[in-house]
Amino acid sequence: MAKDKKTKPSKELPLGFVDRQEKELLIRDFVISNIKEVMIKYGFQYLETPSFEYTDSIGKFLPDKDRPDQGVFSFKDEKNWLSLRYDLTAPLARYVAKNYMELPKPFKRYQLGTVWRNEKPGPGRFREFLQFDADFIGTKNLMADAELCVMISEILEKCGLDKKDYTIKWSTRKITDALFESLKISSSNKRLKILRSLDKLDRLGWNEVKKLLGKGRKDQSGDFTEGAGLSSSQTQDIYEIFVKKELMPTGDKYEEGAGKDIRSMTNYLDVFGFENYKFDPSIIRGLEYYTGPVFEVNLNFEVKNLKGQAIQFGSIGGGGRYDNLVSNFGNLDCPATGISIGLDRLVFALMQKKDFKIKPKRPIVICVFDKDKIQEYIEILNKLRTSDISSEIYPGEGKLKKQMEYANKIGSPAVILYGDDEIKSGKATLKNLGTGNEISVKLEDLVDEIKKII
RNA sequence: GCAGCAGUAGCUCAGUUGGUUAGAGCACUAGUUUGUGGAACUAGGGGUCGGUGGUUCGAAUCCACCCUGCUGUACCA
């Protein structure tokens, strides 16, 4: 045995990647099955696109000028740069552009898929995670935007959340469009900074956001963030609109844009009979490519990390209207709106919210006394499996004690003992591992007795 | 990326002002019981004390740098 530790492979995981165990996966499966049911009910098509795309397709075509293609995992094959997708929206835009002629208009699709981000992970955020997306492609009708909110809420409630557990907040980018016009701010860099500052209102509060709009802000750890450099009168206008929520930007531009969006969305949401929403002008969603209504799904209960500390959980999903994204792939006038949810984060929160009665099905364990009697055991096994009872013959080697310990550890509901004594009498011993009771059962009655236990 | 805190066995941690061969609990393996788990007892395996370099007769302990984790912040498609 070589003792050189450096030659051994590491058992640690790469930064930001995690193993996921059965308990979490079963809840995730439950969430996914709810999503699929709702998607079918709402008339969305199921789509899958590959994990890799050409880097160009998901990088350069994104109109987020700040970071064109950072944060993705990439490699070069013989000819081209490929990247793992970092969301499902960019691949969708690529797919729509590629298949535009054949697709129905509007095109409604949903997608479940793993996405990867090459950046430093935070609490509850990893570099690999599962995302759910639903989008309407090719319609300007805001009924689509409203329906996305209704639909997402149906999914959440199917998963066991109450109305008080979550809120869908929404706004429209046309408010800030009008604001920038009235404040005469044309620099896109400055606009982006203001958008990002306002996006933090709910988390930091006005006093901190005020600093971000002005000279800058120092956080608890002493880190300094440079501000947008607005004047105090400009900041005051923003305060009236986004905090006091009394004044709205005025003028024709506002009436035609934001005013229309707000009246239309509110009307549709009301007609759908949907009430669990809140209009909040401070919902921005930092991204540059949104053009109209934007929405965000927030949880209203406390979420703790593995050490039991309450953490800033943030939203579990959101979306909005992006009328210009698809056109990046060609001269297609293609409005679109969509929503996405981080499933792993939702599952993480759900695990704390509710004790799901989702337990893994563990097998009945048939103990092995004598390897020469293996035919007898396989006969019992076949009988159980024919009746769809999860079961196995003890797969290891060793004494009965070891077999019992194994059965206990995996959470088996019961073991079957069939040694010399039982074989003589033709009756197996069935031991209930929950109660510790043992009963003697004729082989033909085994299935019925087991069904009483499981 | 920036900042604060932390890193000793698989896990949770102890380890005195630097001093022989680095400890405990849980977990693991074997036995007490060659046909009985979840309890108890006994024994055992498992660590170059996150890494590298330095100070020193001597470093888990002091210093520097790096890596990793947590929390906040930035960014978030």
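Protein chains get the first letters and strands the later ones, always in sequence-line order, with residue 1 at the start of each.
- With a 6.0 Å cutoff to the six-membered ring centre and a 45° limit on the axis angle, Arg20(A) counts as a cation-pi contact of Phe126(A).
- Listed candidates were U73(B), A30(B), A77(B). Nearest to the side chain of Lys402(A) is A30(B).
- Comparing Glu438(A) and Leu204(A) along RNA chain B, the residue whose closest nucleotide (by nearest heavy atom) sits nearer the 5' end is Glu438(A).
- Listed by first and then second residue, the ring pair (Phe, Tyr, Trp, His ring centres under 6.0 Å) pairs involving residues 417-454 of chain A amount to none (not counting sequence neighbours).
- The side chain of Arg203(A) contributes an N or O atom lying less than 4.0 Å from OP1 or OP2 of U73(B).
- Annotation: side chain to side chain donor-acceptor pair (under 3.5 Å) contacts involving residues 133-143 of chain A, sequence neighbours excluded, comprise Thr89(A)-Asp133(A), Arg109(A)-Asp135(A), Asp135(A)-Tyr322(A), Asn141(A)-Tyr268(A).
- Looking at every heavy atom in both residues, Leu204(A) comes nearest to Val209(A) through CB-CG2, 4.4 Å.
- Using a 4.0 Å heavy-atom cutoff across all strands shown, Lys193(A) reaches no nucleic acid atom at all.
- Taking the P atoms as reference points, G23(B) lies 13 Å from G45(B), given to the whole Å.
- Relative to the ring axis of Tyr100(A), Lys105(A) places its NZ or CZ within 45° and under 6.0 Å from the centre.
- Tested against Arg321(A) for a side chain to side chain donor-acceptor pair (under 3.5 Å), the candidates Thr291(A), Asp261(A), Asp145(A) yield a single pass: Asp145(A).
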request  = At under 4.0 Å between heavy atoms, which parts of nucleotides 37-45 of chain B does protein reach? Answer with one letter per nucleotide, 5' to 3': B base, S sugar-phosphate only, - none.
outcome  = BB-------

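- Checking A77(B), U36(B), A74(B) against every side-chain atom of Leu417(A), the shortest atom distance belongs to U36(B).
- Candidate nucleotides A77(B), U73(B), G35(B) were compared by shortest atom distance to the side chain of Arg285(A), and A77(B) ranks first.
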